[in-house]
Amino acid sequence: MTDDTHTPFEPHIPFEQGETALLVDRKKRRYLVQLATDKDFHCHAGVIPHSEIIGKSEGTELRTNKGSYFTALRPTLSEIVLKMPRGAQVIYPKDLGTILMTADILPGARVLEAGVGSGALSMTLLRAGATVIGYEKREDFQERAVSNVNKYCDPETAARFHTEVRDVYNGIDEIGIDRIVLDLPEPWNAVGPACEALRPGGILCAYTPSIVQATQLRERLEDSPFGMCDTIEVLHRGWYIEGAAVRPNHRMVAHTGFLTSARLLTPT
Ligand code: SAH
C-alpha cells in the first residue's frame, strides 16, 4: 500500500513501490515481497530486481538472472496468512473461512477476539467488515499482530482494529458485543466473561486443536445461558487433475482444529 487512492482491490493498477507482491515459481512455491525500487528479490533460483516488478501488471512472468521463471501477483488473504511473519501459530485458511460463516461475521459487527496471536484471524474478521477488539496477553504477540494488520490491510480496515494486552479470563470490559471469537488454550474460562459481554443472540465461536478442549468447553456451555451448541471440523481434500489421471491428492492436511459455536440465549 502506498497511498489512500490505490488499494489491493484495484487489480488493474500496476505494481507500485511499497506494496506487497507475491512471487510464485513453476513449482507453485510462494514468496511475499515488499516492493522497494532499490531492493532485489533473492532466492535459490536467482535474483529479480524489484524495479522489474514495479510498473508491471499482475500476472506478469519474470525471469531471474539464473533463468528461472516467477509470476508476480497480489497475494490473497490465504497467501498472506500462510507467508506472513508469525509469533503464535496461525489459524489456517480453511478454518478462517468457516469461522466467518459459523460466527456470522458481518460488516459493522463488534467482535471481541482473544487471543490475537499473529493476527491472521484478526485480518479475516476485519476484511469481512467487523470492528475487532482484540485481547492478547502477550505484548510481543500483540505488537506483531498490529504490525501485520497495518502492513497487509488498507488503512480503513486497519483502523477498525483495537487491541489490549490483557487476559480475557479475567473479564471483558465491553458490553453489548455481537460476536466473541476465541483461539486460546482454555476457552471454557472465557464463558463467564462472554455471558456478561455478549448481547442476547450473540455468537461465541472457539477454535481448539484438541477434542478434549472442545469437550471441556461444551461442558461449560451446557452449564451456562448459552444454547444451540455445535462442534465441527473442516476437511479440505485437493484433487489431482491431469489428463486421464483424475483422483484425490495423495496427501492432505488431516487435522488442524475443532470449531465450537454457541448462542447466548435470554434466561427465562
Ligand atoms: N488466532 C491467532 C493465533 C492465536 S494463538 C491467529 O490466527 O494468528 C493463541 C494466542 O492466545 C497466543 O498469542 C496467546 O498468547 C494468547 N492467549 C492465551 N491465553 C490467553 C488469555 N487468557 N487471554 C488473552 N490471550 C491469551
Side-chain angles (χ1 to χ4, degrees), residues 20 32 75-103 105 109 111-128 130-153 157-158 160-174 177 179-198 203-210 212-214 216-217 220-221 232-234 236 253 255-261:
T20 302
L32 282 186
T76 63
L77 181 56
S78 295
E79 287 158 341
I80 290 171
V81 163
L82 295 175
K83 289 289 166 191
M84 71 185 191
R86 296 176 191 182
Q89 172 70 52
V90 298
I91 298 183
Y92 274 74
K94 71 179 178 70
D95 299 306
L96 291 172
T98 308
I99 289 171
L100 291 183
M101 282 292 132
T102 305
I105 303 299
V111 180
L112 189 291
E113 182 198 359
V116 163
S118 305
L121 176 56
S122 318
M123 275 188 232
T124 308
L125 301 168
L126 290 162
R127 290 233 332 214
T131 292
V132 177
I133 302 131
Y135 284 11
E136 168 55 57
K137 72 173 184 185
R138 281 184 52 170
E139 193 171 355
D140 54 339
F141 286 171
Q142 179 242 13
E143 285 168 2
R144 166 59 53 81
V146 169
S147 125
N148 280 337
V149 166
N150 287 332
K151 186 166 172 189
Y152 298 115
C153 295
T157 304
R160 286 185 272 106
F161 191 38
H162 312 280
T163 58
E164 292 177 38
V165 178
R166 56 187 287 174
D167 185 329
V168 74
Y169 304 152
N170 292 337
I172 298 170
D173 284 347
E174 289 72 17
I177 291 282
R179 310 287 185 245
I180 295 187
V181 187
L182 303 170
D183 176 13
L184 32 69
E186 297 175 345
W188 51 90
N189 286 333
V191 169
C195 291
E196 306 292 318
L198 266 183
I203 300 173
L204 176 144
C205 177
Y207 171 91
T208 54
S210 151
V212 180
Q213 291 167 301
Q216 202 155 339
L217 173 60
R220 187 67 61 90
L221 288 167
I232 60 165
E233 63 177 322
V234 181
H236 275 197
V253 175
H255 177 66
T256 53
F258 301 94
L259 294 175
T260 298
S261 58

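Remember, it's a predicted structure, so these values are computed and weren't measured experimentally. Just follow the structure's listing: the first ligand is 1, and inside any ligand the first atom is 1. Worth knowing before you read on, the calculation uses all heavy atoms, side chains too, and leaves out hydrogens, waters and symmetry mates.
- Judged by distance alone, with hydrogens and angles left aside, the side-chain atoms of N148 form a donor-acceptor pair with the main-chain N or O of S118 at under 3.5 Å.
- Checking side-chain atoms of E79 against main-chain N and O of T76 turns up a donor-acceptor pair under 3.5 Å.
- Only the backbone of V116 comes within 4.0 Å of ligand 1, counting heavy atoms alone; no side-chain atom from C-beta on gets that close.
- Residue contacts with ligand 1: Q89 is placed with no nitrogen or oxygen under 3.5 Å of a nitrogen or oxygen of the ligand (distance criterion only).
- Using a 4.0 Å cut-off to heavy atoms of P185, the atoms of ligand 1 that qualify are 18 (C), 19 (N).
- In terms of N/O distances under 3.5 Å, ligand 1 is not approached by A114.
- Protein heavy atom in closest approach to atom 12 (C) of ligand 1: E136 OE1, 3.6 Å.
- Put simply, the side chain of T157 never gets that close to the backbone of C153: no donor and acceptor are under 3.5 Å apart.
- Figure legend: cation-pi geometry between R144 and F141 absent, as NZ or CZ is not positioned both under 6.0 Å from the six-membered ring centre and within 45° of its axis.
- Only one option out of K137, Q142, E136, R138 pairs with V116 in a side chain to side chain contact (heavy atoms under 4.5 Å, CB included); it is E136.
- The shortest N or O to N or O distance between L184 and ligand 1 is not under 3.5 Å.
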What donor-acceptor contacts under 3.5 angstrom involve side-chain atoms of residues 179-193, with partners at least two apart or in another chain?
unit_1 : atom_1 : unit_2 : atom_2 : d
R179   : NE     : A103   : O      : 2.8
R179   : NE     : D104   : O      : 3.1
R179   : NH2    : D104   : O      : 3.4
R179   : NH2    : D104   : OD2    : 3.1
E186   : OE1    : N189   : ND2    : 2.9

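- The CZ atom of R160 sits 11.0 Å away from the CZ atom of R127 when rounded to the nearest 0.5 Å.
- Looking from atom 9 (C) of ligand 1 to the surrounding protein, the closest heavy atom is D183 O, 3.1 Å.
- Residues meeting the side-chain contact (heavy atoms from CB on, under 4.5 Å) test with H236, sequence neighbours left out: K94, V234.
- Interface of G119 with ligand 1, defined as ligand atoms under 4.0 Å from a residue heavy atom, comprises 8 (O).
- Numbered from 1 in the order shown, with element, the atoms of ligand 1 that lie under 4.0 Å from a heavy atom of S118 read 8 (O).
- Near D167, meaning under 4.0 Å from any of its heavy atoms, are these atoms of ligand 1: 21 (C), 22 (N), 23 (N).
- Each of the atoms 5 (S), 13 (O) of ligand 1 lies under 4.0 Å from some heavy atom of A88.
- Against a heavy-atom cut-off of under 4.0 Å, R166 is close to the following atoms of ligand 1: 23 (N), 24 (C).
- Residues E174 and Y135 have side chains that bring a donor and an acceptor to within less than 3.5 angstrom of each other.
- Closest to atom 23 (N) of ligand 1 among all protein heavy atoms lies V168 N, 3.0 Å.
- Within ligand 1, counting atoms from 1 as listed, the ones closer than 4.0 Å to a heavy atom of Y169 are 22 (N).
- Ligand 1 places these atoms under 4.0 Å from at least one heavy atom of F141: 12 (C), 13 (O), 15 (O).
- The backbone N or O of S210 lies less than 3.5 Å from a partner atom in the side chain of Q213, making a donor-acceptor pair.
- Summary of contacts: the protein heavy atom closest to atom 26 (C) of ligand 1 is K137 CG, 3.7 Å.
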